[in-house]
Amino acid sequence: QRFDTFSLEYYQGEERVRMKENFDLCYRYAHTFGDAEMKNMMFSGHTGTGKTHLSTAIAKVVIDRGFDVVYLSAQNMFSDFEREQFGKGDEKEEGARATERYLSCDLLILDDLGTEMSTQFTVSRLYHLVNTRLNHGQGTIVSTNLTPSELGERYTDRLLSRFMGEYLQLRFLGKDVRMERLRRS
């Protein structure tokens, strides 16, 4: 999944215009990472609309430019936070090493926020992660199927304020490209 393999052929009309804008913003973000003002982005939209494809395309370019990038699902990240908090021995150390990397990498790409079991612990850890990265000026990209109002209900107004105020919002439109590919083949 690279920029040169992202296709707009599955989008029509206004959806195509929006997705071309999203593509251009992501391309510019990847190629100016570290130099540009834009540090954080939130990708939201239905399943299969290109969020993961463009996230991985960004990751590849930013890594090739020499930056430290961590790409993982929200579920896996929260599992590491749980191991750090509740594990014993080696498991606890492994969780601590992983979570330290999430806090210190140049770019963190968190995929599928909202698919994890939401608890007071996960909300607390997400707030800590987001707030710490914002305070240190580190780049973060979050993808989610949730709308802004769903984000606020699930993660509190404090997190929603940070997501809406500190992240460039990219809305992904269209049909599920994976299903469209299957239908056309």
Side-chain angles (χ1 to χ4, degrees), residues 1-74 76-77 101-115 126-127 129-152 155 159-178 180-181:
Q1 295 179 323
R2 303 178 318 267
F3 285 112
D4 64 346
T5 60
F6 186 83
S7 174
L8 291 170
E9 75 176 270
Y10 297 99
Y11 307 97
Q12 306 299 319
E14 184 60 35
E15 293 171 353
R16 186 183 185 102
V17 171
R18 171 67 62 89
M19 293 307 295
K20 174 70 167 108
E21 290 171 0
N22 288 350
F23 176 89
D24 291 343
L25 284 166
C26 291
Y27 186 89
R28 187 168 56 244
Y29 178 92
H31 288 87
T32 62
F33 184 83
D35 303 326
E37 289 292 314
M38 182 175 43
K39 298 240 185 251
N40 308 302
M41 295 195 298
M42 175 162 282
F43 298 172
S44 61
H46 296 293
T47 300
T49 53
K51 298 181 303 291
T52 299
H53 189 123
L54 288 179
S55 294
T56 56
I58 289 169
K60 179 177 181 352
V61 169
V62 173
I63 288 168
D64 287 349
R65 293 185 59 230
F67 292 96
D68 181 27
V69 177
V70 173
Y71 187 108
L72 78 160
S73 72
N76 288 343
M77 182 190 72
R101 186 140 186 259
Y102 307 152
L103 293 168
S104 64
C105 64
D106 298 317
L107 176 60
L108 175 68
I109 302 176
L110 188 58
D111 198 22
D112 284 334
L113 183 67
T115 58
L126 181 60
Y127 177 82
L129 175 85
V130 167
N131 205 50
T132 299
R133 293 187 63 77
L134 284 172
N135 288 338
H136 292 138
Q138 298 157 302
T140 306
I141 297 173
V142 175
S143 74
T144 184
N145 293 354
L146 301 177
T147 64
S149 62
E150 291 169 331
L151 283 167
Y155 299 112
L159 266 166
L160 180 62
S161 173
R162 282 158 178 79
F163 285 144
M164 299 308 290
E166 302 290 339
Y167 286 64
L168 177 65
Q169 302 294 312
L170 276 68
R171 183 83 180 126
F172 283 64
L173 304 174
K175 297 176 182 167
D176 185 331
V177 171
R178 292 179 203 103
E180 282 296 304
R181 262 192 245 125

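For this chain, numbers begin at 1 and follow the sequence in order. Hydrogens, waters and symmetry mates play no part in the numbers below; they use all other heavy atoms, side chains included.
- Residues Gln138 and Leu107 have side chains not in contact (no heavy-atom distance under 4.5 Å, counting atoms from C-beta outward).
- Heavy-atom minimum distance, Tyr71 versus Ala59: CD1-CB, 4.4 Å.
- In this view, Arg2 and Asp4 satisfy the salt bridge (Lys or Arg N to Asp or Glu O under 4.0 Å) rule, not counting sequence neighbours.
- Considering every non-hydrogen atom in both Leu8 and Arg16, the closest pair reads O-NH1, 3.0 Å.
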Evaluate side-chain contact (heavy atoms from CB on, under 4.5 Å) for Leu168 paired with Lys39, printing each intermediate quantity in order.
CA-CA 8 Å; Leu168 177 65; Lys39 298 240 185 251; over 6 Å; no

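- For the pair Ala30 and Val62, the tightest heavy-atom approach, listed with the atom from each and the gap, is O-CG2, 3.8 Å.
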Derivation and outcome, salt bridge (charged side-chain N to carboxylate O under 4.0 Å, His left out), residues Asp106 and Arg133
CA-CA 9 Å; Asp106 298 317; Arg133 293 187 63 77; over 6 Å; no

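- Here the shortest heavy-atom pairing between Ala74 and Asp112 reads CB-O, 3.8 Å.
- Considering Asp68, Leu103, Asn40, Leu72 as possible partners of Leu108, the one that fulfils the side-chain contact (heavy atoms from CB on, under 4.5 Å) test is Leu72.
- Here the side chains of Phe172 and His46 are not in contact, with every heavy-atom distance at 4.5 Å or above.
- When all heavy atoms are compared, the tightest approach of Gly174 to Thr49 is O-CG2, 3.4 Å.
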Could you go through Glu166 and Thr140, starting from their C-alpha distance and side-chain angles, then the distance that decides it, and tell me whether this counts as side-chain contact (heavy atoms from CB on, under 4.5 Å)?
CA-CA 10 Å; Glu166 302 290 339; Thr140 306; over 6 Å; no

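- With a 4.5 Å cut-off on side-chain heavy atoms, Phe43 and Asn22 do not count as touching.
- In terms of heavy atoms, Val69 sits closest to Arg101 at O-NH2, 3.7 Å.
- A donor-acceptor pair shorter than 3.5 Å cannot be found between the side chains of Asp111 and Ser55.
- Contact check for Val142 versus Val130: no side-chain heavy atoms found under the 4.5 Å cut-off.
- At least one side-chain heavy atom of Thr52 sits under 4.5 Å from a side-chain heavy atom of Gln1.
- Checking His53 against Thr5 by side-chain atom types alone, a donor-acceptor pair falls below 3.5 Å.
- Partners of Phe23 by ring pair (Phe, Tyr, Trp, His ring centres under 6.0 Å), not counting sequence neighbours, listed by chain and number: Phe3, Phe6.
- In this structure, Leu113 and Leu146 have side chains that are not in contact, with every pair of non-hydrogen atoms separated by 4.5 Å or more.
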Test Cys26 against Met41 for side-chain contact (heavy atoms from CB on, under 4.5 Å), laying out the working first.
CA-CA 9 Å; Cys26 291; Met41 295 195 298; 4.2 Å; yes

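- Note on Asp24 versus Lys20: salt bridge recorded, some NZ/NE/NH1/NH2 to OD/OE distance being below 4.0 Å.
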Go through the steps to decide whether Leu160 and Tyr155 satisfy the test side-chain contact (heavy atoms from CB on, under 4.5 Å), and finish with yes or no.
CA-CA 7 Å; Leu160 180 62; Tyr155 299 112; over 6 Å; no

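- Looking at heavy atoms from C-beta onward, Thr115 lies out of side-chain contact with Thr144 at the 4.5 angstrom threshold.
- Within a 6.0 Å sphere centred on CZ of Phe67, heavy atoms belonging to other residues, nucleotides or ligands number more than 12.
- In this structure, the side chains of Val61 and His31 come closer than 4.5 Å at one or more pairs of heavy atoms.
- A distance of 13.5 Å separates NZ in Lys51 from CD1 in Ile141, rounded to the nearest 0.5 Å.
- Tyr167 and Arg162 share no side-chain donor-acceptor pair at under 3.5 Å.
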